[in-house]
Amino acid sequence: MATFQKVVTLDVHCSVNKHIFLEEIYPRRRPAILRGVDIGPCKTKWNVEYLAKHAGDKEVKIHVSSNPQMDFIHKNFLYRSLPFSTLIKRSAESTHSEFFIDQDEVYYLRALGDDPRKDIANIHQQFPDLAKDLNIPDFFEPSKFFSSVFRIASKGLQLWTHYDIMDNMLIQVTGHKRVVLFSPQEAENLYLDGDKSSVLDIDNPDLSKYPRFAHAVRMEGRLEPGDILFIPALWFHNVISEDAGVAVNVFWKHLSDEMYDHKDTYGNKDLVLAQRAMQIVDGAIKALDKLPEDYRDFYARRLVLRIQSKAYSKTSDL
């Protein structure tokens, strides 16, 4: 772990109901583990055999990598398709007799809509038999629902640090996960490339390459089967599967509908106004490029100072 990082332990709340969530947890806008919430019979039913039988041979598109530390920026994985029943069996194996790359490869499924260009992921539509076993807590208005994403991960799989623009619940059905989160206010310490951090190895980062990462305050926790991780929008999160497991992410629109890009079926495009602001900044950078170097440097610093003074929040998330 980076030498100077401060680590904050994730809050764990037991036996949470809708009232407690909405009155005591949600308004704080901080991640939290919700333990003891009824997620339905999936917690005991969803073993390898049951999942293979009830989801059948539906073809699913997956990430396959020989490196468990997946990198979405440089794409150190392949996209491949497998029948669901084959995937769930392979994801539970430590070594594989059949494989795409090598016998130690790892798998990651982020379920998509039937037509990813038009359809949003919804477990009730893509996996209706399994959806009957899952109880999604009614912690948000049904009209705000955006998607429910079925996920499968091999043991040891680590997903890149990224943020989402919607509030969501990660329902850990089977398996254990270690989760690391960073406040949105840590963005300048995470070396962003779009919505993703360039720092892949968050426990042993190259501080000669990413020196500011040592100052990013992290929150950490461990999910057990049946736990729910509440991840507020814009909180960066990194997830490590301690063993093979199944989870469901549920996203909902906590802002007014017009804030979101209506063509976004994944739910990961920045808000419409934020996209517009980014385009304006790109235009400003293009204009500054026409100035001599010393003038460009001076006015770039003035621009940053103006944004800091006018738009930065004065409060801290931690």
Side-chain angles (χ1 to χ4, degrees), residues 34-65 77-100 105-140 142 145-157 159 168-177 223-229 239 241-252 265-267:
L34 316 180
R35 184 161 291 162
V37 178
D38 178 18
I39 65 169
C42 56
K43 182 178 173 181
T44 55
K45 283 186 173 183
W46 283 10
N47 57 37
V48 172
E49 293 74 19
Y50 184 89
L51 289 170
K53 177 181 177 181
H54 286 78
D57 293 330
K58 176 186 177 72
E59 286 282 322
V60 289
K61 190 174 183 179
I62 59 173
H63 302 65
V64 184
S65 179
F77 53 81
L78 306 175
Y79 287 111
R80 291 293 183 267
S81 293
L82 278 176
F84 184 93
S85 57
T86 302
L87 168 64
I88 192 64
K89 292 172 183 176
R90 282 201 200 178
S91 66
E93 298 172 344
S94 54
T95 58
H96 314 292
S97 57
E98 296 184 63
F99 47 82
F100 296 103
E105 66 191 20
V106 294
Y107 306 97
Y108 169 55
L109 167 69
R110 188 263 191 223
L112 305 172
D114 294 327
D115 182 347
R117 296 170 300 175
K118 301 177 181 178
D119 300 328
I120 293 168
N122 186 332
I123 189 172
H124 289 277
Q125 295 177 6
Q126 283 91 50
F127 302 94
D129 286 347
L130 296 179
K132 297 172 184 176
D133 301 328
L134 175 68
N135 175 40
I136 298 176
D138 60 344
F139 292 167
F140 57 92
F145 171 83
F146 178 75
S147 66
S148 52
V149 182
F150 196 95
R151 299 185 189 270
I152 295 175
S154 296
K155 179 180 180 179
L157 181 77
L159 290 181
N168 83 87
M169 293 184 292
L170 172 59
I171 304 173
Q172 188 64 28
V173 182
T174 68
H176 299 78
K177 282 189 172 79
L223 299 182
E224 300 176 358
D227 283 353
I228 296 174
L229 175 64
V239 180
S241 296
E242 295 183 344
D243 39 42
V246 177
V248 177
N249 262 112
V250 181
F251 294 86
W252 66 94
T265 59
Y266 283 79

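Taken from NE2 in His54 to NZ in Lys132, the straight-line distance is 8.5 Å, to the nearest 0.5 Å. A distance of 4.0 Å separates CG of Asp57 from OG of Ser85, quoted to the nearest 0.5 Å. Rounding to the nearest 0.5 Å places CD of Glu105 at 8.5 Å from CG of Leu78. Rounded to the nearest 0.5 Å, atoms CG (Asn168) and CZ (Phe140) are 10.0 Å apart. Note that CD1 of Ile228 is 9.5 Å distant from CD1 of Ile136, once rounded to the nearest 0.5 Å. The CG atom of Asn249 sits 11.0 Å away from atom CD1 of Ile123, with the distance rounded to the nearest 0.5 Å.
Ring centroid separation for the pair Phe146 and Trp252 does not come in under the 6.0 Å cut-off. Aromatic ring centroids of Trp46 and Phe150 lie under 6.0 Å apart. Aromatic ring centres of Phe145 and Phe251 lie farther apart than the 6.0 Å criterion allows.
Between Met169 and Leu229, every side-chain heavy-atom pair lies at or beyond the 4.5 Å cut-off. With contacts defined as side-chain heavy-atom distances shorter than 4.5 Å, the pair Ile171/Pro137 qualifies. Contact of the Asp227 side chain with the Leu34 side chain is not registered, since no non-hydrogen atoms from C-beta on lie closer than 4.5 Å.
Judged by distance alone, the side chain of Ser81 and the main-chain N or O of Lys61 form no donor-acceptor pair under 3.5 Å. Checking side-chain atoms of Gln172 against main-chain N and O of Thr174 turns up a donor-acceptor pair under 3.5 Å. Of the possible donor and acceptor atoms, none in the side chain of Thr86 sits under 3.5 Å from a partner among the backbone N and O of Leu82. Judged purely by atom type and a 3.5 angstrom limit, Glu59 has no side-chain atom pairing as donor or acceptor with the backbone of Phe84.
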Could you give me the CA-CA distance, side-chain angles and deciding distance for Leu170 and Leu223, then say whether side chain to side chain contact (heavy atoms under 4.5 Å, CB included) is met?
CA-CA 10 Å; Leu170 172 59; Leu223 299 182; 3.8 Å; yes
query = Does the pair Asp119 and Thr265 meet the rule for a side chain to side chain contact (heavy atoms under 4.5 Å, CB included), with working shown?
reply = CA-CA 6 Å; Asp119 300 328; Thr265 59; over 6 Å; no
| request: Could you walk me through whether Lys58 and Asp114 pass salt bridge (Lys or Arg N to Asp or Glu O under 4.0 Å), step by step? | output: CA-CA 11 Å; Lys58 176 186 177 72; Asp114 294 327; 3.5 Å; yes
### Message
Go through it in stages, so that I can follow the logic: the residues are Leu51 and Val246, the test is side chain to side chain contact (heavy atoms under 4.5 Å, CB included), and I'd like the CA-CA distance, side-chain angles, deciding distance and then a yes or no.
### Response
CA-CA 10 Å; Leu51 289 170; Val246 177; 3.7 Å; yes
Inset, instruction - Take Lys155 and Ser241, measure what side chain to side chain contact (heavy atoms under 4.5 Å, CB included) needs, and give me the verdict at the end. - result: CA-CA 5 Å; Lys155 179 180 180 179; Ser241 296; over 6 Å; no
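In this structure, Ile120 and Ser147 approach most closely via the heavy-atom pair CG2-CB, 3.3 Å. Between Pro225 and His176, the closest heavy-atom pair is CD-NE2, 3.5 Å. Between His63 and Phe77, the shortest heavy-atom distance links the atoms CD2-CE1, 3.3 Å. The shortest heavy-atom contact between Lys177 and Val239 is CD-CG1, 3.0 Å. Summarising the geometry of Val60 relative to Leu87, their closest heavy-atom pair is CG2-CD2, 3.9 Å, with the distance given to 0.1 Å. Summarising the geometry of Tyr266 relative to Pro116, their closest heavy-atom pair is OH-CB, 4.1 Å, with the distance given to 0.1 Å.
Both the sub-6.0 Å distance and the 45° axial angle are not jointly satisfied by Arg80 relative to the ring of Tyr107.
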